[in-house]
Amino acid sequence: MKRTHTCGELNKKQVGKKVILMGWCDVRRDHGGLIFIDLRDRWGKTQIVFDPSVAQAAQGLAKEIRSEFVLEVEGKVRKRPQGMENKKLPTGEIEVVVQCLKILNRCPTPPFEISDQADVAEEVRLKYRFLDLRRPSMQNYLILRHKTAQAVRNYLSKQNFLEVETPVLTRSTPEGARDYLVPSRVQPGKFFALPQSPQLFKQLLMVSGFDKYFQIVKCFRDEDLRADRQPEFTQVDIEASFVSRDDILEMVEGLIQTVFKEVSVKNIKKSFDRLNYKDAMNWYGSDKPDRRVPWKIEDVSEIFKNSPFKIFSQAAEQGKVIKALKVTPAQDLARKDFESLESEVKGLGAKGLGWAKLTSEGWQSPIAKNFSDQDKEGLLKKLKLKANDAVLFVADEWAVACQVLGALRLSLGKKLKVFDEKTTDLCWVLDFPLFEWSAADNRYVSVHHPFTSPHLEDLSLMNGSDLSKVRSLGYDLVMNGYEIGGGSIRIHDRDLQQKVFETLKISAEEATRRFGFLLSALEYGAPPHGGIALGFDRLVMLLANCSSIRDVIAFPKTTSATCLMTEAPSEVDEAQLKELHIQIKS
RNA sequence: GGGGCUGUGGUGUAGCUGGCCUAACACAUCUGCCUGUCACGCAGAGGAUCGCGGGUUCGAAUCCCGUCGGCCCCGCCA
């Protein structure tokens with residue numbers, strides 16, 4: 001027997017036709033005589049009818065059918081009686097009258113109803129993921145994921161990019177995320193690492209002359225999970241030779257537009273806004289700003305420099321900044337809301353949060369009584385305040401003040417629903433610092449990675465005292481407050497690479513030991529090159545309007561990095577450990 | 001490593017300021033009836049010792065401590 005049609009394609013054009021359908025029993029409506037069953041497959045649902053006057057035997061067997069039984073039915077397509085059409089179904093104009101039924105497999109009562117309406121705890125869904133994935137919405141997410149991957153492959157292939165696979169078993173290159181390690185059986189005491197990204201391999205491919213490379217590839221990072229972070233995730237990894245930063249940015253803009261055109265109903269702009277890191281931090285308090293929140297952080301240090309309010313004026317004197325965020329409209333925020341914000345802020349590293357609300361009766365605020373008339377006037381003018389606006393103040397080190405107000409900007413913007421969640425915003429963040437000081441390590445560390453090229457205008461600063469001023473040729477692609485991609489123009493000069501290692505306090509021996517193959521490759525005629533890696537799961541998540549990448553990954557891990565279905569990771573046999581020369585200490 | 005939320009029949013929830021809880025409701029399940037339903041309907045039935053362990057108390061789903069699982073966030077994620 002062969003299935004002639006799927007459950008999503010029959011309509012009145014096939015009326016009268018004999019068909020064979022296969023699928024799962026979605027719902028059963030047993031009227032005693034007539035039995036209706038919605039047969040479901042990944043293409044849709046079709047109503048099948050068992051009529052004792054048409055096929056007595058089939059109708060008798062149909063009495064046994066329960067939810068999620070796997071069925072094969074042979075029957076005739078017929079138009080539903082007048083007024084009995086189901087407008088909610090694409091196949092709702094017809095039904096299949098069954099002449100012959102085969103129960104291909106039975107099913108115990110499922111742990112939850114296979115339906116998008118059913119509200120089931122994620123814990124249960126993940127344990128029975130194979131059932132969860134039967135739900136139409138989950139099937140659509142994976143279909144969307146496939147289409148997105150296809151669009152990416154087609155676009156890049158048309159642009160003459162070549163897909164090349166790189167090793168999954170590779171060497172550990174600390175610095176960066178924690179590695180997943182794989183013990184070597186043949187080399188006692190030695191380990192492979194799973195790649196955090198194919199970064200070095202793609203650079204080597206450039207040295208090999210594959211001037212346009214891409215790969216849709218799994219990457220592994222043994223770090224704590226988030227809604228948008230899994231220990232194994234997929235990147236669209238891209239690298240090209242003889243390109244400038246703008247070449248990469250434009251190519252990626254084309255890629256993203258193509259993806260949107262093929263899989264989404266949303267429209268996005270032709271080219272994406274570019275902001276530099278400093279502005280992103282100053283205006284949005286984040287290097288991955290969600291610009292859909294229509295508020296910008298303002299610097300009001302100048303206004304409070306001479307204020308009688310000592311907390312602010314002294315902060316300004318000490319070289320700190322006073323940042324202000326106008327929250328509008330804020331009529332729904334009461335004193336207790338501001339007070340709870342204040343405690344929230346302390347968890348983020350700020351010493352305090354000032355607030356003031358402008359009501360029709362004047363200022364409502366625990367601190368505004370300390371402001372001079374000049375201060376108030378300055379604020380009104382700079383922030384263009386009107387009744388029912390509130391202002392949040394943080395006086396702190398620049399980075400802290402920005403980040404804290406950035407966090408509040410986002411959480412209040414969402415809470416007060418001041419923007420349409422369905423809109424899409426894409427932008428580039430450029431000119432990141434190349435290095436940042438790590439107090440923990442007592443040295444400078446790479447903001448991106450040690451192979452990122454310094455901004456060519458800043459090369460002279462590389463010898464200066466304040467290395468945090470050196471900008472990089474790195475770039476991040478940001479969508480709705482998520483970093484969906486990041487990359488850079490790389491260093492292709494061995495001496496410059498050596499210099500960066502020195503700056504990072506990575507000794508020559510250490511560099512040779514860890515990245516010798518790269519340094520060697522850079523000597524053998526490395527072309528100028530650069531690239532990007534897109535977070536494929538995040539991209540699909542945003543295209544699907546989901547809030548967790550788990551929803552667009554077939555078999556994801558929990559926040560404690562386990563799989564509830566397979567119960568991985570698991571203990572292994574003593575014999576396996578022995579072969580791998582591994583002993584567990586408890 | 002830290003903070004927050006959460007765990008009650010198969011599923012989702014209510015109860016959680018301790019005693020009327022002999023744990024309620026909806027869906028699902030089972031039985032019977034039903035020839036036009038599509039969240040089918042009607043009548044009935046079964047099913048949870050409240051994640052687990054300990055403590056307080058005359059009495060614990062309810063309070064306390066510990067522990068395990070899930071989710072969100074900070075740190076971490078070059």
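Values below: every heavy atom of this structure, side chains too, minus hydrogens, waters and symmetry copies. Letters go in sequence order (proteins before strands), and every chain restarts at 1.
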Which of residues 53-60 of chain A have a heavy atom under 4.0 Å from RNA chain B? none
Going by atom type alone, with no hydrogens or angles, which donor-acceptor pairs under 3.5 Å involve a side-chain atom of residues 86-94 of chain A and a protein atom two or more places apart or on another chain?
residue, atom, partner, partner atom, Å
A:Asn86, OD1, A:Lys88, N, 2.9
A:Thr91, OG1, A:Lys45, O, 2.6
A:Glu93, OE2, A:Lys12, NZ, 3.3

Mind checking the C1' distance from B:U11 to B:U62? Whole angstroms is fine. 23 Å
Look at all strands and tell whether A:Gln199 reaches a base, only sugar-phosphate, or nothing, counting heavy atoms closer than 4.0 Å. base
Could you go through nucleotides 40-43 of chain B and list every protein N or O atom that sits under 3.5 Å from one of its N or O atoms, giving the distance for each pair?
residue, atom, partner, partner atom, Å
B:C40, OP2, A:Arg29, NH1, 3.4
B:C40, N4, A:Asp30, O, 2.4

Does any non-hydrogen side-chain atom of A:Phe555 lie less than 4.5 Å from one of A:Leu133? yes
Looking at the base of B:G36, is there any donor atom on it, or on the side chain of A:Glu95, that sits under 3.5 Å from an acceptor on the other one? yes
Can you tell me whether the side chain of A:Arg221 and the base of B:C77 have a donor-acceptor pair closer than 3.5 Å? no
For B:C76, take OP1 and OP2 only and decide whether either is under 4.0 Å from a side-chain N or O of A:Arg229. no
N/O donor to acceptor pairs below 3.5 angstrom from side-chain atoms of residues 509-517 of chain A, sequence neighbours left out:
residue, atom, partner, partner atom, Å
A:Glu510, OE2, A:Arg514, NH1, 2.7
A:Thr512, OG1, A:Ala508, O, 2.7

Mind listing the residues from residues 82-90 of chain A sitting with a heavy atom below 4.0 Å of RNA chain B? Number order is fine. A:Met84, A:Glu85, A:Asn86, A:Lys88
Distances under 3.5 Å between protein N/O atoms and the N/O atoms of nucleotides 66-73 of chain B, please, pair by pair.
residue, atom, partner, partner atom, Å
B:G69, O2', A:Glu123, OE2, 2.7
B:G70, OP1, A:Thr558, OG1, 2.8
B:G70, OP1, A:Ser560, OG, 3.1
B:G70, OP1, A:Thr562, OG1, 3.2
B:G70, OP2, A:Ser560, OG, 2.6
B:G70, O4', A:Glu123, OE1, 3.3
B:C71, OP2, A:Thr559, N, 2.6
B:C71, OP2, A:Thr559, OG1, 2.3
B:C71, O3', A:Arg550, NH2, 3.0
B:C72, OP1, A:Arg550, NH1, 3.3
B:C72, OP1, A:Arg550, NH2, 2.8
B:C72, OP2, A:Arg550, NH1, 3.4
B:C73, OP2, A:Ala227, N, 3.3

